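Each remark here refers to the structure printed beneath this line.
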Amino acid sequence: MQAKLQRIINMLFYHESWDIMIVKDHGSHLFPDNTLEILSNSVAQQLKKKYTFQADPFIIEKDDKLYVFYEAFSFRNSKGTLRCRVLDRELVELDDIRLEGFDDLMCHLSFPFLIHINDQLFMIPESSERKEVILFQSVEFPARWKKIKVLISDTEVTDSVFLSLNESCYLLSTTMDNEIVIHSADHIYGQWQRITPSLKVSNHHHRGAGTPCLANNKIYFLTQECTPDVYGKSIYIKELKKLNNAIFDESLIEKINASINHSDGVHTLNFSNNYIVYDTKIYKFSFLSILKKISYKCMMRYRNYFLTRRYQ
């Protein structure tokens, strides 16, 4: 009875609030060997609070500045947009830039997954409301982007992660029920096809949580722990043992809990040569929480209806 009452109170008076944290590691980070140690023992700086959700951070170090690409979400419009927070190397915030080139999508956007190929910068944002996975290219860093190609259509997947392995390209995605979906192509501009390899998985948490990393001749990738009751609980570091059209084989290396900064959750982590960035949530009390949640659900259903009608 007490647990049920607490769930009702949480539903009525609490909502999630996400923030972005940055750790300056001075080049001491050796992923994944000491990732958890650094996160647990370092003081993280929180980006200034501008939106209800500041989440899904991806980081680039360039010209003595840090560029943190992220999702910005406010209950005022109940739709995620993509932005870039610019900082200097001492983590002084210099600018907050709205990314251009995405307005025509008219959907919720998040998880701005960045890809470097031959000195070119690409992005695959999460655009599941459109039932598309879309490739963008940077044309004026960091603000201006252009749409290059729809990689996958008529498929509702979220948080796609790009991998290049053995002269093949792969996209690891999940359905809205957190079931893994894998597509393959000869190159990023190629014809993407869904494959169904035999799965040897360490757990049932497959949703992307950051950029894969090659370290010590091993490929590591990140997934987030999401359950029907809790979204964005923790992050798993996994080693990719094998991936081809026949086999997907992974093993669990480490789990990063929200205890690293005494919060209620963490679900995206990325790093550069000298910095680690992650998002973190707290449950925030408000008498208007239930109205905010209802507003979000209504706006989401309206967008889904509008997009379905528009592209029929």
Side-chain angles (χ1 to χ4, degrees), residues 18 20 31-32 35 53-60 68-71 73 80 82 107-116 122-136 151-152 155-165 169-185 188 192 194-195 197 199 201-215 219-227 230-241 243 248-256 265-271 276-281:
W18 285 88
I20 294 172
F31 180 84
T35 301
F53 290 6
Q54 300 181 161
D56 298 348
F58 287 76
I59 187 170
I60 291 177
V68 179
F69 295 83
Y70 70 100
E71 172 203 352
F73 172 93
L82 302 180
C107 71
H108 173 88
L109 295 170
S110 61
F111 201 72
F113 186 91
L114 299 175
I115 308 166
H116 296 268
F122 298 91
M123 180 192 293
I124 301 177
E126 190 276 323
S127 56
S128 61
E129 285 185 348
R130 290 181 62 91
K131 296 181 173 60
E132 292 178 328
V133 178
I134 309 170
L135 180 69
F136 287 81
L151 304 182
I152 302 169
T155 305
E156 189 175 12
V157 293
T158 187
D159 296 353
S160 295
V161 170
F162 174 85
L163 271 169
S164 180
L165 179 66
C169 296
Y170 297 93
L171 281 173
L172 309 181
S173 313
T174 53
T175 67
M176 309 315 288
D177 295 322
N178 203 34
E179 296 176 351
I180 190 168
V181 177
I182 305 175
H183 288 80
S184 176
I188 196 167
W192 289 86
R194 182 168 180 175
I195 61 174
L199 301 178
V201 297
S202 58
N203 59 36
H204 61 278
H205 301 290
H206 309 300
R207 186 168 177 170
T211 303
C213 177
L214 175 63
I219 297 176
Y220 299 95
F221 66 105
L222 303 161
T223 67
Q224 54 181 283
E225 181 181 12
C226 292
T227 69
V230 181
Y231 168 71
K233 186 177 181 181
S234 62
I235 292 174
Y236 295 101
I237 302 175
K238 301 177 179 180
E239 180 186 346
L240 182 62
K241 295 287 190 178
L243 174 57
F248 174 86
D249 186 5
E250 68 174 35
S251 64
L252 180 61
I253 302 300
E254 187 69 81
K255 183 177 182 180
I256 300 173
V266 54
H267 78 352
T268 305
L269 183 145
N270 284 291
F271 56 89
I276 304 174
V277 62
Y278 64 94
D279 55 12
T280 182
K281 75 173 176 180

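All values derive from a computational prediction rather than experimental measurement.
- For the atom pair CG (L199) and CD1 (I182), the distance works out to 6.0 Å, reported to the nearest 0.5 Å.
- For the atom pair CG (L171) and CG (L135), the distance works out to 9.0 Å, reported to the nearest 0.5 Å.
- Here the two rings, on F271 and Y278, have centers that are 6.0 Å apart or farther.
- Using a 4.5 Å heavy-atom cutoff, the side chains of V201 and K238 are not in contact.
- One distance of note links CD of E225 with CG of N203; it measures 8.0 Å at 0.5 Å rounding.
- Of all the heavy atoms in L165 and Y170, the pair that sits closest is O-CE1, 4.0 Å.
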| task | Go through L240 and L163 one step at a time and tell me if the side chain to side chain contact (heavy atoms under 4.5 Å, CB included) criterion holds. | result | CA-CA 11 Å; L240 182 62; L163 271 169; 3.8 Å; yes
| Derivation of the side chain to side chain contact (heavy atoms under 4.5 Å, CB included) call for D279 and F53 | CA-CA 9 Å; D279 55 12; F53 290 6; over 6 Å; no
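- Nearest approach of P32 to I253, heavy atoms of both residues: CG-CG2, 4.2 Å.
- Taking the six-membered ring for Trp and thresholds of 30 and 60 degrees, W18 and H267 have nearly parallel ring planes, at less than 30 degrees apart.
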| Between W192 and C169, does a side chain to side chain contact (heavy atoms under 4.5 Å, CB included) hold up when you go through it step by step? | CA-CA 9 Å; W192 289 86; C169 296; 3.5 Å; yes
| task | Could you walk me through whether R194 and I152 pass side chain to side chain contact (heavy atoms under 4.5 Å, CB included), step by step? | result | CA-CA 9 Å; R194 182 168 180 175; I152 302 169; over 6 Å; no
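- Looking at K281, its side chain does come within 3.5 Å of a backbone N or O of Y231 through a donor-acceptor pair.
- One finds the CZ atom of F69 at 10.5 Å from the CD1 atom of I59 (value rounded to the nearest 0.5 Å).
- Counting all heavy atoms, side chain and backbone alike, S160 lies closest to V133 at OG-CG2, 3.8 Å.
- For the pair L243 and I219, the minimum side-chain heavy-atom distance is 4.5 Å or more.
- For the pair D159 (side chain) and R207 (backbone), a donor-acceptor distance under 3.5 Å is absent.
- Between M123 and L82, the closest heavy-atom pair is SD-CD1, 3.8 Å.
- Distance alone, capped at 3.5 Å, places no donor-acceptor pair between the T158 side chain and the M176 backbone.
- With rounding to the nearest 0.5 Å, the separation of CD1 in I188 from CZ in F162 is 4.5 Å.
- With respect to Y236, the side-chain contact (heavy atoms from CB on, under 4.5 Å) criterion is satisfied by exactly one of E250, Q224, E254, K255: K255.
- Checked by atom type and distance alone, the side chain of T223 pairs as donor or acceptor with a backbone atom of H205 at under 3.5 Å.
- The backbone N or O of V277 lies less than 3.5 Å from no partner atom in the side chain of N270, so there is not a single donor-acceptor pair.
- H206 contributes no side-chain N or O that, together with a main-chain N or O of E179, makes up a donor-acceptor pair within less than 3.5 Å.
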| query | Given the rule in the side chain to side chain donor-acceptor pair (under 3.5 Å) test, do E126 and S110 qualify, once you have shown the distances and angles that lead to the verdict? | reply | CA-CA 5 Å; E126 190 276 323; S110 61; 2.9 Å; yes
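- One distance of note links CD1 of I115 with CZ of F113; it measures 5.5 Å at 0.5 Å rounding.
- For the residue pair H108 and G80, the shortest heavy atom distance occurs at ND1-N, 2.8 Å.
- In terms of heavy atoms, L222 sits closest to G210 at CD1-CA, 4.0 Å.
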